[in-house]
Amino acid sequence: MTTTMKETEIRQQRADLAQTALDELFWNEKIRMYNIQTPCENGTCNEIFHYWWMAHAVDVLVDGLRRTGERRYVQRLEQLYDGLLQRNGGAWPNELYDDMEWMALAWLRAYQTTGEPRYKEAVQLLWQDIQTGWNEHMGGGIAWQKSQLDYKNTPANAPAVILAARLYQAFGDPNDWAWAQRIYEWQAANLIDPDTGLVWDGMNRTGDGTIDKDWRFTYCQGVFIGASVEMYRVSGDAAYLEAALRTFRVVLQEFTSRKTGLLPEEGDGDAGLFKGILIRYLVQLAQAAPDHPEVAEYVALQAERTWSHLAADPQQPRFGTDWSQAPKPDIAVSLSSQLSGVMLMEAAAALKPKAAQDQSAPRLTSEAAPQGETP
């Protein structure tokens, strides 16, 4: 067996194990959704409905389906669709624009993979609602939530660009492309550090126009990279690709541990999803920019080192918020961090392997080497 074939097989096996662990440890047949943590005695962990976590659960099911074609993923998608719709009161919209964007992105991928018409209908309903979030507070942009229309942030705008651009690519409506351009231009003008390419989180959260420059999250870097890649795919304009690569260099510089080469521990809860989201869009960048193999190498490194830090017998891998160590057996694991781990293993499986690639060390240039630990 060649090195390339062996590498591919290992990555596929790890993705399979991660998906199986997600199903065995988190799936709750009674509610047709995933428990938000494991263990979850008597279902008490599910008192709060984590709508946007479930959107990413849809996404990782689509990852597994696209990679393997196995029917079990189709069945889980059907069940999860029903469970989510029931838990959300029989309709898809909610109060948070970014949450709806994630749900629309996930069901769009599910529709494109399965052809199931009701998934497309969910996307269309959500997209109509999302557009109502645009207003002229702060010069434009989509609001974060319906009860705070003057607060604009990256989580509500960059994923909207991805969604609008993908809708245009899927169905050809020029209005969707116009939306993608409009939102991207606002995001780039308001929430990107012009000197470095660092993506800021939001502005006017406290009503005084302040930009939250100290809120530095892998999540924000990831969604802007994804938005830039989608704009490049539609337009062919290399400036978008360079914007994505520039923010990737920020990830190397400011979000990568010099000691471990890994992305930072950012906390539990919602933050457990942040690294997985960045990884998802770094894979998109790697595919769009094959002349920059350092992107794929970085993703492969994250997966290899994370897997190496799992327990001695990783047949049912549990992924915590810190990729440099395995969660302790007596510690509950959140669905958010588990989903990030599955995203990471699926991302590695989606990469084109390089037979001669040494994954034991990152290939970072001196200019791109991280300067220290992320706080």
Heavy-atom distance under 4.5 Å between the side chains of [X] and [Y], does that happen here?
X	Y	result
Gln325	Thr260	no
Pro159	Asp98	no
Trp179	Leu167	no
Pro155	Tyr219	yes
Arg32	Glu78	no
Val60	Arg280	yes
Tyr298	Leu263	yes
Ile192	Gln187	yes

Spacing of [atom1] belonging to [X] relative to [atom2] belonging to [Y], to within rounding of 0.5 Å:
X	Y	atom1	atom2	answer
Leu80	Ile31	CG	CD1	9.5 Å
Lys152	Trp144	NZ	CH2	14.5 Å
Asn204	Asp212	CG	CG	9.5 Å
Ser324	Leu262	OG	CG	6.5 Å
Trp107	Arg118	CH2	CZ	7.5 Å
Leu335	Leu339	CG	CG	4.0 Å

Cut-off 3.5 Å, side chains only: do [X] and [Y] have a donor facing an acceptor?
X	Y	answer
Tyr73	Thr113	no
Asn153	Asp201	no
Asn42	Thr44	no
Gln221	Thr247	no
Arg76	Gln79	yes

Inset, instruction - Go through the structure and list residues passing side-chain hydrogen bond (donor to acceptor under 3.5 Å, both in side chains) with Glu101, not counting sequence neighbours. - result: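 None.
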Between [X] and [Y], what is the shortest heavy-atom contact and its length?
X	Y	result
Val333	Ser337	CG1-OG, 3.7 Å
Glu266	Phe217	OE2-CA, 3.5 Å
Gly276	Ser340	N-OG, 3.1 Å
His309	Arg305	ND1-O, 2.7 Å
Leu17	Pro317	O-CD, 3.7 Å
Ala18	Phe319	CB-CE1, 4.0 Å

Inset, instruction - State plainly whether the residues Glu242 and Arg246 are in salt-bridge range, i.e. N to O under 4.0 Å. - result: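 Here Glu242 does not pair with Arg246 in a salt bridge, since their nearest N and O are not under 4.0 Å apart.
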Inset, instruction - Look at Lys213 together with Asp193 and state whether they make a salt bridge at an N to O cut-off of under 4.0 Å. - result: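 Between Asp193 and Lys213 there is no salt bridge, as every charged N stays at least 4.0 Å from the carboxylate O atoms.
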Tell me whether [X] contacts the main-chain N or O of [Y] through its side chain, where contact means a donor paired with an acceptor under 3.5 Å.
X	Y	result
Arg182	Gly140	no
Gln148	Arg205	yes
Asn46	Ile36	yes
Thr38	Phe26	no
Thr20	Gln316	no
Ser336	Gly269	yes
Asn28	Met33	no
Asn94	Asp99	no
Gln169	Ala165	yes

Inset, instruction - Would you please name every residue forming a salt bridge (Lys or Arg N to Asp or Glu O under 4.0 Å) with Asp129, sequence neighbours left out? - result: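 Counting only residues at least two positions away or on another chain, Asp129 forms a salt bridge (Lys or Arg N to Asp or Glu O under 4.0 Å) with Lys146.
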Would a hydrophobic clustering, with Ile, Leu, Val, Met, Phe, Trp and Tyr connected at side-chain separations under 4.5 Å, put [X] with [Y]?
X	Y	value
Ile10	Leu310	no
Val234	Leu241	yes
Val123	Leu125	no

Inset, instruction - Would you indicate whether Asp208, at its atom CG, is surrounded by more than 12 heavy atoms from other residues, nucleotides or ligands within a distance under 6.0 Å? - result: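 Check passes, neighbour count above 12.
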Inset, instruction - Take atom CD of Glu41 as the centre, draw a 6.0 Å sphere, and report whether it contains more than 12 heavy atoms from other residues, nucleotides or ligands. - result: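 Not buried by this count: 12 neighbours or fewer within 6.0 Å.
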Enumerate donor-acceptor pairs with a distance under 3.5 Å from any side-chain N or O in residues 281-289 to protein atoms, sequence neighbours excluded.
{"unit_1": "Gln284", "atom_1": "OE1", "unit_2": "Arg233", "atom_2": "NH1", "d": "2.6"}
{"unit_1": "Gln284", "atom_1": "OE1", "unit_2": "Arg233", "atom_2": "NH2", "d": "2.9"}

Legend entry - ring pair (Phe, Tyr, Trp, His ring centres under 6.0 Å) against Trp323, all qualifying residues, sequence neighbours excluded: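 For Trp323 there are no ring pair (Phe, Tyr, Trp, His ring centres under 6.0 Å) partners, ignoring immediate neighbours.
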Inset, instruction - Could I get the full list of ring pair (Phe, Tyr, Trp, His ring centres under 6.0 Å) partners for Tyr232, not counting sequence neighbours? - result: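 Partners of Tyr232 by the ring pair (Phe, Tyr, Trp, His ring centres under 6.0 Å) criterion come out as none, since no residue qualifies.
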Legend entry - side chain to side chain contact (heavy atoms under 4.5 Å, CB included) assessment of Trp186 paired with Val161: CA-CA 10 Å; Trp186 182 89; Val161 175; over 6 Å; no
Inset, instruction - Measure up the His56 and Trp102 rings against each other and bin them: parallel (under 30°), tilted (30 to 60°), perpendicular (over 60°). - result: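 Ring orientation, 0 to 90° scale: tilted.
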Inset, instruction - Start with the C-alpha gap between Trp127 and Asp176, add the side-chain angles, then the distance that decides, and say whether side-chain hydrogen bond (donor to acceptor under 3.5 Å, both in side chains) holds. - result: CA-CA 10 Å; Trp127 178 225; Asp176 292 335; 2.9 Å; yes
Inset, instruction - Go through Gln112 and Arg166 one step at a time and tell me if the side chain to side chain contact (heavy atoms under 4.5 Å, CB included) criterion holds. - result: CA-CA 11 Å; Gln112 292 175 311; Arg166 287 184 177 178; 5.8 Å; no
Solution key, residues 47-54 side-chain donor-acceptor pairs under 3.5 Å, sequence neighbours excluded:
{"unit_1": "Tyr51", "atom_1": "OH", "unit_2": "Trp92", "atom_2": "O", "d": "2.7"}
{"unit_1": "Trp52", "atom_1": "NE1", "unit_2": "Asp270", "atom_2": "OD1", "d": "3.0"}
{"unit_1": "Trp53", "atom_1": "NE1", "unit_2": "Asp270", "atom_2": "OD1", "d": "2.7"}

Legend entry - side chain to side chain contact (heavy atoms under 4.5 Å, CB included) assessment of Arg109 paired with Arg66: CA-CA 10 Å; Arg109 291 183 71 226; Arg66 289 188 171 187; 3.9 Å; yes
Inset, instruction - Could you walk me through whether Tyr119 and Val58 pass the side chain to side chain contact (heavy atoms under 4.5 Å, CB included) test, one step at a time? - result: CA-CA 11 Å; Tyr119 300 164; Val58 173; over 6 Å; no
Inset, instruction - Step through it carefully: locate the ring centre of Phe224, locate the ring centre of Tyr184, and say whether they are under 6.0 Å apart. - result: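 Ring centroids of Phe224 and Tyr184 are less than 6.0 Å from each other.
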